[in-house]
Student: 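This structure is in structure tokens; I'll ask about it shortly.
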Amino acid sequence: MSTTTTRPGDGSALVDDLAARIRDQILSGEIPLGKPLRQADLAEKFGISRTPVREALRQLQTSGLIEIHPHRGAVVRVPVPWEVRETYEVRAALEALAARRAATRLSARTIARMREANDSLYALAVAAAEGATPLRGQDVLDTANDYALHSTIHEAAMNARLQHLLNDIHLSYPRNVPAMLLRENAQHREGNYREHVAILDALEAEDGELAARLMRQHVISTGDQVARWYEQHAGSLPRA
């Protein structure tokens with residue numbers, strides 16, 4: 001059991017840190033969709049009192065990651081498919097803007113690293129799908145984060161407000177679902193790889209308009225696949 005030491009006056013920092021730790025576990029899938037979040041269990045897990053746990057859960061409720069029901073407590077929220085599609089529609093517009101801006105700001109060396117990253121992610125997902133390695137969806141997710149193609153584009157866009165908005169969207173839903181799709185859905189996996197290659201080709205050619213259009217199509221397509229996953233698994237996911 002981990003322990004957290006508090007000092008006078010740092011209660012707010014403790015709550016923020018605790019909320020971030022719980023958020024990371026939800027986004028990674030370590031705390032699964034629909035799972036109850038009991039204050040006593042979390043307090044014991046993190047070695048703190050229930051008061052900061054309660055405040056951290058309220059913070060996460062505001063962000064939409066959890067729901068708090070009277071007399072039943074907190075539970076990890078199960079996203080609604082239409083909501084997922086709407087979010088990805090917004091993300092697609094922002095990602096397209098980032099790609100357009102990044103097209104003239106990426107070095108040849110950076111693009112080469114992004115190509116290597118795309119190849120590595122694809123190879124890992126294939127190996128996981130074929131059982132050649134005991135990788136879980138979380139392992140694919142970790143590698144996707146390590147080889148973050150999208151975040152490199154966000155940074156190269158050189159627009160702090162845009163990057164902030166994209167980061168907020170990135171924290172809206174558990175990231176292990178897209179990772180599971182790469183492992184489990186061969187058609188999506190192949191399409192994801194090819195779409196990344198096409199976007200990188202456009203960026204290398206410094207064609208911002210083409211990169212933006214391809215990026216928008218790519219994100220919309222991914223969002224549709226994620227929404228379908230929720231539709232197909234809605235009946236098997238626990239709810240409060």
Side-chain angles (χ1 to χ4, degrees), residues 27-29 63-65 79-106 110-111 114-115 117-122 125 137 140-233:
L27 292 174
S28 70
S63 72
L65 275 180
V80 180
W82 64 261
E83 193 178 5
V84 174
R85 287 189 170 92
E86 285 191 348
T87 301
Y88 271 82
E89 183 179 15
V90 174
R91 178 186 165 188
L94 296 175
E95 292 266 15
L97 174 59
R100 182 183 295 110
R101 289 180 57 86
T104 57
R105 294 179 169 93
L106 287 164
T110 298
I111 291 176
M114 293 165 76
R115 291 189 186 280
N118 190 39
D119 290 345
S120 297
L121 176 60
Y122 175 77
V140 178
L141 171 64
D142 289 340
T143 301
N145 288 338
D146 289 341
Y147 297 122
L149 180 146
H150 286 271
S151 63
T152 301
I153 294 173
H154 301 169
E155 184 177 353
M158 298 181 66
N159 185 314
R161 176 65 64 178
L162 174 61
Q163 195 166 0
H164 177 74
L165 291 171
L166 283 165
N167 186 60
D168 280 350
I169 290 177
H170 190 59
L171 298 176
S172 298
Y173 302 110
R175 297 188 297 270
N176 62 317
V177 172
M180 285 189 292
L181 283 168
L182 287 176
R183 185 189 64 182
E184 299 169 1
N185 187 322
Q187 183 176 358
H188 173 68
R189 181 170 59 247
E190 297 292 333
N192 185 77
Y193 176 78
R194 290 194 303 269
E195 289 162 14
H196 279 176
V197 169
I199 291 168
L200 288 167
D201 288 346
L203 291 171
E204 188 170 34
E206 298 189 359
D207 189 336
E209 293 305 316
L210 177 59
R213 185 169 72 251
L214 292 172
M215 179 63 82
R216 182 183 180 281
Q217 293 170 351
H218 167 62
V219 175
I220 290 291
S221 174
T222 299
D224 188 56
Q225 291 291 333
V226 173
R228 288 182 183 179
W229 186 93
Y230 282 111
E231 289 170 346
Q232 293 168 357
H233 294 79

Student: Could you list the residues that satisfy salt bridge (charged side-chain N to carboxylate O under 4.0 Å, His left out) with Arg189, not counting sequence neighbours?
Tutor: none

Student: Please enumerate all residues that pass side chain to side chain donor-acceptor pair (under 3.5 Å) together with Arg100, with sequence neighbours excluded.
Tutor: Glu209

Student: Quick check: closest heavy atoms across Ala156 and Arg105, and the distance to 0.1 Å?
Tutor: O-CD, 3.0 Å

Student: Look up atom CG in Leu181 and atom CH2 in Trp229, then write down how far apart they are to the nearest 0.5 Å.
Tutor: 8.0 Å

Student: In chain order, what residues pass the side-chain contact (heavy atoms from CB on, under 4.5 Å) check against Ser63, with sequence neighbours excluded?
Tutor: Leu60, Leu65

Student: With Thr222, which residues qualify under side chain to side chain donor-acceptor pair (under 3.5 Å), at least two apart?
Tutor: none

Student: Would you please name every residue forming a side-chain contact (heavy atoms from CB on, under 4.5 Å) with Leu94, sequence neighbours left out?
Tutor: Val90, Leu162, Leu165, Leu166, Ile169

Student: With sequence neighbours excluded, what pairs up with Glu204 under the salt bridge (charged side-chain N to carboxylate O under 4.0 Å, His left out) test?
Tutor: Arg115

Student: Residues two or more places apart in sequence or in another chain: which of them pass side-chain contact (heavy atoms from CB on, under 4.5 Å) with Glu155?
Tutor: Gln163

Student: At what distance, to the nearest 0.5 angstrom, does CD1 of Ile111 lie from CG of Asn118?
Tutor: 13.0 Å

Student: If I compare all heavy atoms of His154 with all of Ala98, which pair ends up nearest, and what's the gap?
Tutor: CD2-CB, 4.2 Å

Student: Considering only residues two or more places apart or on different chains, which pairs with a residue in residues 79-89 satisfy salt bridge (charged side-chain N to carboxylate O under 4.0 Å, His left out)?
Tutor: Arg77-Glu83, Arg85-Asp224, Arg85-Glu231

Student: What are the two closest non-hydrogen atoms of Val84 and Gly223, and how far apart are they?
Tutor: CG1-O, 4.1 Å

Student: Over all heavy atoms of both residues, which pair between Gly208 and Ala103 is shortest? Give the atoms and the distance, please.
Tutor: CA-CB, 3.5 Å

Student: Name all residues meeting the side chain to side chain donor-acceptor pair (under 3.5 Å) criterion together with Glu206; count only those two or more places apart in sequence or in a different chain, and write none if there are none.
Tutor: none

Student: Should Leu121 and Leu149 count as side-chain neighbours, where that means a heavy-atom distance under 4.5 Å?
Tutor: no

Student: How long is the span from the CD1 atom in Ile220 to the CD atom in Gln225, to the nearest 0.5 Å?
Tutor: 12.5 Å

Student: Looking at every non-hydrogen atom in both residues, tell me the closest pair between His188 and Asn185 and how far apart they are.
Tutor: N-OD1, 2.9 Å

Student: Quick one: salt bridge (charged side-chain N to carboxylate O under 4.0 Å, His left out) partners of Arg91, sequence neighbours excluded?
Tutor: Glu95

Student: Can you find a heavy atom in the side chain of Asp201 that is under 4.5 Å from one in the side chain of Leu210?
Tutor: no

Student: With sequence neighbours excluded, what pairs up with His196 under the ring-ring contact (aromatic ring centres under 6.0 Å, His included) test?
Tutor: His150, His218

Student: Do Met114 and Ile153 make a side-chain contact, defined as non-hydrogen atoms from C-beta onward lying under 4.5 Å apart?
Tutor: yes

Student: Can you sort out the partners of Tyr193 under ring-ring contact (aromatic ring centres under 6.0 Å, His included), two or more places apart, ordered by chain and number?
Tutor: Tyr122

Student: For residues Leu203 and Ala211, report the shortest heavy-atom separation together with the two atoms involved.
Tutor: CD2-CB, 3.8 Å

